[in-house]
Structures are given as C-alpha cells and as structure tokens.
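Just so it is clear, the structure is predicted and the values come from calculations on it, not from any experiment.
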Amino acid sequence: MPELAEVEFFRRRWDVARGKTVKAVYLNPRARDNRGLPIAKIKKVLLGQKFLASQAAAKQMAFYFTNHLWLGIHLGMTGELAVGPAEREPKPHEHLVLKMSNGQELIFIDPRQFGRVLFYQGQGVPEWWAKIAPPILSRAFTVQVVADFLKRHGRAPIKAVLLMQERFPGIGNWMADEVLWRAGFHPQARAGNFGPQAILRLHRTLRQVCRDALKVIGKDWSDPPSHWLFNHRWSDGGKCPASRVLLKRAPVGGRTTCWSPAKQKLGAERR
DNA sequence: ATTCTTGTTGCATC
DNA sequence: AGATGCAACAAGAA
C-alpha cells in the first residue's frame, strides 16, 4: 500500500531501533528486491555498526549507520517493514532482516517483490537518494513548477501526470484520486487544459492531502476519516462521501481510477 | 479458474 | 527529441 504517508509510518517502525548496533544481517540472495546488491560485502561492513538516523522521502526510506553506510528501501507495491523479537516464527518473503543489539529484528517483507533494497558506503549522499524530487511540502514545490510540468505533459490525463515521481514524489494511485476528488477535477482532464486558477487549486490540494495523510496515516496508521474518498474507492457500489452518487471506476493512465461523476466534471480545469 | 492489484521500468510508438 | 502508453515483473486475494 505504500505511498507517502505509509512510507513514513514504516520508517518510524524501524526507527525504534535507532542507536542500536547491528548484530546480524540476513539478505535473501534470490529476492528480486535485492538484485544487484553486493550481499557478502553488505553483511561484512554492516556488522557491528550503529543505526544513527532514518529518513523518508517520496516512497523511499534511507537508514543511516556509522562508517558512512546507507541502506535504502523502496516498498514497491506490497512491501512493509516490521519489528519483531528474534525468536518469532519467520513469515514468508522476509527479504532483509537486521538483528539489533536490543534483541529486536528489523524486517523487510515483500511478497510481490516490486520493492528494492539499495546500499551505499561513502562520504556524502548516495545518488539514489540525492535524485529524489523536492517534497510536495517543501518551498521548492511552487505553483510555477506545477504549471510548467503540466504544460510539458499537456496531452496526458492529469491522473497519469500526478503519478509521475519526478515531480510529485510520494503520490500514488489512491493519493492522486484523493487529490482530484477533493479539488473537483476529472481524472481524464488533459494536463495542458489546466488554467491558472485550476493549477492554483491543484497545487493547494496536493499539499493539503499530503499534510492530512501524514497526520493521519504517517503517525500511527489510523484510518482516514470516512469523509475521504479513500474509504469508499475500492468497494463496488461505493458512494461519493460528499454527493452520495455512485462512484465510477475505470483505468486511467493505466491504473484503476475512482472518481465521483457529480463532483468531478470535464471542463472544470479550464479556469 | 480467472482477474484484480496503493509501483516502476524499459521499450515501442507517436 | 521528447512524450505517451503498455507489457512485464510476482504473488496473493477475491
């Protein structure tokens, strides 16, 4: 499920072991998440190092250890981070496990294996971390930046554009739908048709949904309130929490998309 | 049995 | 050249 706020939630889970030392490393060499990793080297250099800090950005996390060591994790479609006691019954698809000095294990589970584990050792910041786009909640995410990006992808449906991580880091399928629903834009609206007022509104709504999601899900994984589209989007016969009309569902930009035909009409973007 | 999936990439096509 | 769309990746749920 992991989009912006869920990623932050999982980061916090592992962060309980901050300050502890790595006592053992397990990396499944056959897991697709671990492809390309120097597994033997990671095991060797990580052992005995202290977990110093963690950070989430977009759909990625970075865990930083002494000796300039970085572990990056992308949760893909089905990944999650867990913390468990060492004597637990291991579950299937545990692709990375760090045994920590407090007796806890930090576990990365990912059945579908669309996720990714990354590694870096050295001064400075790894390329895979540095290249993540500036956060939607940062000052760099200006209205102008959004306007330029929509123009550049003018022929694509706005739904597909909102999913582009190079400009909307952390936005995934449900967040994109939530934004468009709240702002009142049809997911099929062409990005190039958005007028100045509509762009302003889209920009503001993007920031608001990110803030709200982090407040609700990012902190302790509470379910969002039922007046969000989130709670109704996957059920057949789901109704728009604002207008009570039957929600529509269809693929847009290659992804299942849910919208309220009452609230989101083509043309509203042209202002 | 079949179809679906909260993500990303690589490649074909426009 | 740059933008767009789609299949592929893999496993489990409905």
Original post:
In whole angstrom, what separates A:L150's CG from C:dG2's C1'?
Top reply: 17 Å

**OP:** For A:F119, enumerate each residue passing the ring-ring contact (aromatic ring centres under 6.0 Å, His included) test, keeping only those at least two apart in sequence or located in another chain.
**Re:** none

Original post:
Does a side-chain N-to-carboxylate-O contact under 4.0 Å join A:K159 and A:D177?
Top reply: yes

Original post:
Under 4.0 Å between a Lys/Arg side-chain N and an Asp/Glu carboxylate O for A:E166 and A:R152?
Top reply: yes

**OP:** For residues A:L106 and A:V83, determine if any side-chain heavy atom of one lies less than 4.5 Å from a side-chain heavy atom of the other.
**Re:** yes

Original post:
When you compare C:dT4 with B:dT6, how far apart are their C1' atoms, in angstrom units rounded to a whole number?
Top reply: 23 Å

**OP:** Starting at atom NZ of A:K159, determine the distance to atom P of C:dT4, rounded to an integer number of angstrom.
**Re:** 16 Å

**OP:** Compare the minimum distances between each of B:dG7, C:dG5, C:dG12 and the side chain of A:P111, then state the nucleotide with the smallest one.
**Re:** C:dG12

**OP:** Look at the rings of A:W221 and A:F9 and say which category their plane angle falls in: under 30° parallel, 30 to 60° tilted, over 60° perpendicular.
**Re:** perpendicular

Original post:
Can you check whether A:K59 has a side-chain N or O nearer than 4.0 Å to OP1 or OP2 of B:dT8?
Top reply: yes

Original post:
Can you give the dot-bracket line for DNA chain C, where a pair is Watson-Crick or G-U wobble with both atom distances under 3.5 Å, crossing pairs use [ ], and | marks a partner on another strand?
Top reply: .||||||||.||||

Original post:
For A:G172, which contact category applies under a 4.0 Å heavy-atom criterion: base, sugar-phosphate, or nothing?
Top reply: sugar-phosphate

Original post:
Is any side-chain N or O of A:H74 closer than 4.0 Å to OP1 or OP2 of B:dG7?
Top reply: no

Original post:
Think A:R152 has a side-chain N or O under 4.0 angstrom from the OP1 or OP2 of C:dG2?
Top reply: no

**OP:** Take atom NZ of A:K151 and atom P of C:dG2, then tell me their distance rounded to the nearest Å.
**Re:** 18 Å

Original post:
Base, sugar-phosphate, or nothing for A:R116, non-hydrogen atoms under 4.0 angstrom?
Top reply: nothing

Original post:
When you check the gap from the basic side-chain N to the acidic O, do A:E94 and A:R88 get nearer than 4.0 Å?
Top reply: yes

Original post:
Out of C:dC9, B:dT6, C:dA11, which has the shortest distance to the side chain of A:Q113?
Top reply: C:dA11

Original post:
Base, sugar-phosphate, or nothing: which does A:G154 touch, judged by heavy atoms less than 4.0 Å apart?
Top reply: sugar-phosphate

**OP:** Grab the CD1-P distance between A:I132 and B:dG7 for me, whole Å please.
**Re:** 16 Å

Original post:
Mapping A:N173 and A:R155 to their closest nucleotides on DNA chain B, which lands nearer the 5' end?
Top reply: A:N173

Original post:
Tell me: CD of A:E80 to P of B:dG7, nearest whole Å?
Top reply: 15 Å

Original post:
Under a 4.0 Å N-O cut-off, is there an ion pair linking A:D236 with A:R249?
Top reply: yes

**OP:** With DNA chain B as reference, determine whether A:F230 or A:R35 sits nearer its 5' end, using the nearest nucleotide of each.
**Re:** A:F230

**OP:** Measure from CZ on A:R30 to C1' on C:dA11 and round the result to the nearest Å.
**Re:** 16 Å

Original post:
In terms of the angle between their ring planes, are A:F51 and A:F65 parallel, tilted or perpendicular, with boundaries placed at 30° and 60°?
Top reply: tilted

Original post:
Can A:F114 be classed as stacking with the base of B:dT9, given a centroid separation cut-off of 5.5 Å and a plane angle cut-off of 30°?
Top reply: no

Original post:
Is the phosphate of C:dA11, meaning OP1 or OP2, less than 4.0 Å from a side-chain N or O of A:H93?
Top reply: no

Original post:
Taking CE from A:M61 and C1' from B:dG7, how many angstroms apart are they, rounded to a whole number?
Top reply: 13 Å

Subject >> Euclidean distance, atom CD of residue A:E3 to atom C1' of B:dG7 [Å, nearest integer] >> reply: 9 Å

